[in-house]
Amino acid sequence: MKKRKILQNLMYLPALGLMIAFIVYPLFRGFLYSFYKWNGYSQNMTFVGFKNYLDMMGNQFFRIAFWNTVLYAVFSTLLQEVLGIAFALFLNSRFKGRIAVRTVIYLPVIISALLIGYMMTFLFQYHYGVFNEILQWFGMEPIDWLRDPGRGRLIISLVTGWHYTGSSMIIFMAGLQNIPDMYIEAAKLDGATKWQLFSRITLPLLQPAVASTVLLNMVGGLKIYDSIVSLTNGGPVQKTNSLSTLISYTYFTSEKAGYASAIGMFQFVFIFIISFFINRYFAGKEVEY
Amino acid sequence: MRKMWAVLLVVVMLGSMLVGCGNGSGDEDPENAQQENLESANGGTKEEDAGEEVAESEEISETDRETSGNISMAVTYADSNLDEFKNIISEFEKESGITVELITPASEYESVLKTMMASNTLPDIFMTHGWSLRRYSEYLQPVNSQPWFDSMDKALEPIMADEDGNVYALCVSTSVSGVYFNGDALKKAGVEDPYSIVTWKNFEDACEKAKAAGLVPIAVGGGSGSGQFSSIFGGIAPTLWTDVGAKYDLADALLDGSFDSDTYVTEMYEMIAGWLEKGYFNEDCLTLDFDGASRMLGSGDAAFMLRGPLTIAHEAFPDADCGILPELASIDGAKPSFRLGEGNAYGVWKDTNNADACWALLEYLARPENVERICALGTDYPAIEGVEAVDAFGYGIYAKAVEAYGDKLQYDNLFDRKYLPSGMWSILGDSLSMVFESPDDVKPAVEVFKEGYIEKYEESKGN
């Protein structure tokens with residue numbers, strides 16, 4: 001029995017080793033680097049204590065990136081939740097071509113975010129962009145869609161939200177299929193309207209699915225990188241950067257690896273805290289049935 | 001039985017982990033780590049090459065293989081330039097018996113090299129793209145003792161040599177930067193002789209004419225990142241501050257940290273903001289990428305571009321009459337200036353296991369016939385004595401400008417490398433891009449420059 005337990009524990013070792021090599025160790029190194037002034041490639045670095053963290057708090061580009069990140073996460077999560085539930089409800093009914101519709105909605109999820117971003121630039125670019133071509137057909141002036149940071153942020157959020165709606169939809173569909181029919185039937189017999197059915201029965205019973213998707217989408221949104229790189233490259237003037245793209249820019253372009261590590265550590269802690277509160281919030285809302 | 005399977009599974013998994021980790025300490029590590037980026041010079045994958053080598057291996061003894069060598073080389077080339085460079089390398093392989101594995105990260109070159117430097121595991125040879133001294137010298141072997149060293153253009157020494165006179169790369173070409181133009185577009189605008197443009201005032205007049213002719217006077221591809229704006233800053237600033245006969249003589253002030261950003265950067269930014277207000281730049285100057293700007297110039301939709309090279313414009317529109325002007329003078333009577341820098345340059349990693357093979361390749365690349373071919377890859381001009389590269393597009397347009405301006409030209413090193421503390425490159429871009437975003441108020445942009453300059457200057461003094 002004891003031997004078997006040892007063997008069982010040994011089975012964990014490869015996974016544990018990979019976790020240590022690819023998550024724990026880099027995190028630890030990142031934490032160490034955040035206390036150094038380092039250009040990211042030299043063999044020499046200088047200990048500067050908390051200077052990187054203090055500089056980060058006073059830096060306008062960090063503040064912009066932080067609020068952008070929050071905006072991207074919240075807005076794209078909202079979009080994915082609303083569209084995800086809507087599509088799931090739609091696809092939960094039986095109709096011809098249901099599988100085809102489901103595939104079309106899910107398709108963007110399996111395409112790389114970078115590619116989606118580049119595809120979207122063909123819609124939004126100033127010269128020969130699809131939207132500007134349409135505007136010009138109607139005799140209107142073309143618009144440089146991504147030049148205004150506000151519009152750029154909105155486009156990034158919309159593209160991200162649309163891109164991952166399919167994965168939320170799949171989780172919601174699984175959630176819907178787990179709701180016993182008897183509750184819906186009983187409510188119908190009691191004369192519940194469609195809205196009452198949704199708000200009083202379906203939505204509360206979908207809580208586990210909502211909890212999972214909100215957590216996944218928020219964490220994904222807080223780490224958003226690819227679509228920004230392909231759509232705006234963080235510009236204009238770093239005003240559409242997220243924390244992730246700012247880290248990359250600061251590390252590789254500005255050659256401030258220690259400072260970039262400090263932003264990385266901040267991002268890690270921030271995501272950790274947000275995830276903790278989301279979990280806690282939804283833990284108190286679980287419905288027994 | 002189940003126990004046996006479990007033990008076997010654990011052993012296999014642990015073994016595979018150890019094998020994975022074990023690869024990290026071997027001599028072959030750089031090649032394994034960069035498997036996806038590796039291509040043989042002949043264009044095949046590593047696996048394909050390995051297959052071809054099997055047949056030959058029986059005839060080559062172990063000693064022979066070590067003598068012939070196997071080296072890795074990271075290059076910045078992509079597309080057709082890469083194909084031509086592969087041809088050069090392929091001929092070297094045939095001649096020497098040395099196998100060269102090319103690492104070609106293309107646009108990710110800098111990030112890939114920085115990651116390799118951080119782990120102190122570099123390719124045997126890599127291109128230094130203007131940074132042989134400041135960024136890469138601690139990883140490179142000095143080249144001063146090589147037979148071709150004396151044939152390198154002496155004008156590059158102040159740019160490439162450290163305090164002890166050590167140079168760290170074979171530089172076969174000099175990069176030239178200036179103001180790029182499309183002669184056909186200028187003709188359409190009524191500017192018959194582009195080389196009659198000597199001052200920024202003349203340039204503004206030409207821009208007015210281009211605008212009146214319905215052209216975009218200046219194409220900018222700011223969507224490709226802040227480096228686009230850094231280059232523009234580095235082109236205009238010295239004509240105002242450091243060139244001989246410039247409006248101000250601020251070279252010493254820039255070097256001793258007493259430079260007054262509030263006065264001089266503000267003046268320069270207001271000049272550029274004025275151009276923006278007059279509508280000299282493309283509407284999408286902040287979002288269009290560099291390729292797009294190059295195509296605007298090549299197609300003749302735009303008259304000028306303040307950042308090069310012309311490679312894309314020339315490739316897309318080979319018949320277009322594109323050329324280069326020097327950076328223009330800030331006042332009448334001053335000479336316009338070309339900025340010279342390290343062009344196609346190759347350094348040898350200090351910890352390479354096969355230095356002899358590396359030096360053999362560099363000797364091969366330094367031969368005049370190969371220098372000519374390399375110069376033809378871009379718009380640089382030869383930096384090896386006795387090479388004219390007359391057929392190279394870049395050399396041709398540069399030679400034309402030199403001839404047109406005659407002795408009314410001056411030359412200097414790249415502005416940021418000579419006059420600014422290290423680490424200013426991205427700050428220049430961040431700062432100037434703010435002017436393009438909000439030309440009405442240049443103060444915040446000046447502040448970004450000022451803060452960065454003071455911080456980097458203090459750092460350079462060890463404070």
Side-chain angles (χ1 to χ4, degrees), chain A residues 3-4 6-15 17-18 21 29 33 37-46 55 58-61 121 124-129 132 141-149 152 229 231-239 248-257, chain B residues 2-3 6-7 9-14 16-18 20-21 108 110-111 113-120 135-136 138-139 222-227 229 282-289 292 295-296 301 422-423 425-427 429-431 433-438 444-445 448 452 455 459 462:
Chain A
K3 260 188 180 174
R4 190 171 173 179
I6 291 169
L7 264 175
Q8 279 176 348
N9 288 336
L10 272 175
M11 298 292 277
Y12 294 125
L13 279 179
L18 291 171
R29 289 299 294 239
Y33 290 148
K37 180 177 152 26
W38 181 44
N39 62 13
Y41 52 86
S42 172
Q43 301 304 304
N44 306 312
M45 50 179 90
T46 315
D55 287 352
N59 186 286
Q60 57 164 325
F61 294 125
T121 55
F124 294 108
Q125 67 189 12
Y126 184 76
H127 287 288
Y128 313 115
N132 279 349
E141 285 293 309
I143 297 169
D144 192 3
W145 295 95
L146 297 166
R147 179 173 185 146
D148 175 61
V229 168
L231 275 165
T232 65
N233 205 13
V237 200
Q238 297 197 47
K239 287 196 174 163
S248 172
Y249 180 81
T250 313
Y251 194 107
F252 290 109
T253 307
S254 302
E255 299 186 356
K256 292 160 88 171
Chain B
R2 278 172 65 187
K3 270 185 196 173
V7 171
L9 197 64
V10 170
V11 169
V12 167
M13 289 181 86
L14 282 174
S16 62
M17 269 183 69
L18 289 172
C21 296
E108 292 301 312
E110 284 198 60
S111 305
L113 261 283
K114 282 177 183 175
T115 310
M116 289 175 169
M117 282 191 284
S119 61
N120 201 17
R135 183 183 296 169
Y136 298 121
E138 67 176 294
Y139 300 93
S224 287
S226 66
F229 297 103
N282 47 311
E283 184 67 27
D284 53 348
C285 58
L286 282 165
T287 53
L288 181 71
D289 61 12
R295 283 169 200 277
M296 276 183 88
D301 288 342
S422 177
W425 183 250
S426 65
I427 294 166
D430 289 343
S431 169
S433 61
M434 291 170 80
V435 177
F436 276 76
E437 200 220 3
S438 311
V448 167
E455 184 192 332
E459 281 176 12

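Just so you know, these numbers use all the heavy atoms, side chains as well, and skip hydrogens, waters and symmetry mates. Residue numbers start from 1 in every chain, and the chains themselves are labelled A, B, ... in the order their sequence lines are given, proteins ahead of strands.
Taking 4.5 Å as the limit, some side-chain heavy atom of A:Arg147 sits within range of a side-chain heavy atom of B:Cys285. With a 4.5 Å cut-off on side-chain heavy atoms, B:Arg135 and A:Asn39 do not count as touching.
Pairing each heavy atom of B:Ser433 with each of A:Val237, the nearest pair is O-CG2, 3.4 Å. For the residue pair B:Gly223 and A:Asn233, the shortest heavy atom distance occurs at O-ND2, 3.6 Å. In terms of heavy atoms, A:Gly40 sits closest to B:Ala118 at O-CB, 3.3 Å. Residues B:Glu283 and A:Asp144 share a closest heavy-atom pair of O-OD2, 3.6 Å.
Using modelled atom types and a 3.5 Å distance limit, the side chains of B:Ser226 and A:Tyr249 yield a donor-acceptor pair. For the residue pair A:Gln125/B:Thr287, the side-chain donor-acceptor check at 3.5 Å is not satisfied.
For B:Glu110, no part sits under 4.5 Å from any heavy atom of chain A, backbone or side chain. Looking at A:Thr121, neither its backbone nor its side chain comes within 4.5 Å of chain B, counting heavy atoms on both sides. Heavy-atom distances place the side chain of B:Glu455, and not its backbone, under 4.5 Å from chain A. Only the side chain of A:Pro149 comes within less than 4.5 Å of a heavy atom of chain B; its backbone N, CA, C and O stay farther away. Contacts of B:Phe229 with chain A are absent, with no heavy-atom separation under 4.5 Å from either backbone or side chain. Contact of A:Trp145 with chain B is not made at all, since no heavy-atom distance falls under 4.5 Å.
Checked by atom type and distance alone, the side chain of A:Gln43 pairs as donor or acceptor with a backbone atom of B:Met117 at under 3.5 Å.
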Could you go through the side-chain contact (heavy atoms from CB on, under 4.5 Å) check for A:Phe252 and B:Thr115 one step at a time?
CA-CA 9 Å; A:Phe252 290 109; B:Thr115 310; 3.9 Å; yes

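Taking OH of A:Tyr41 as the start and CE of B:Met116 as the end, the distance is 15.5 Å to the nearest 0.5 Å. Atom OG of residue A:Ser42 and atom OH of residue B:Tyr136 lie 13.0 Å apart, to the nearest 0.5 angstrom.
The candidate with the highest count of non-hydrogen atom pairs below 4.5 Å against chain B, out of A:Gln8, A:Lys256, A:Lys37, is A:Lys37.
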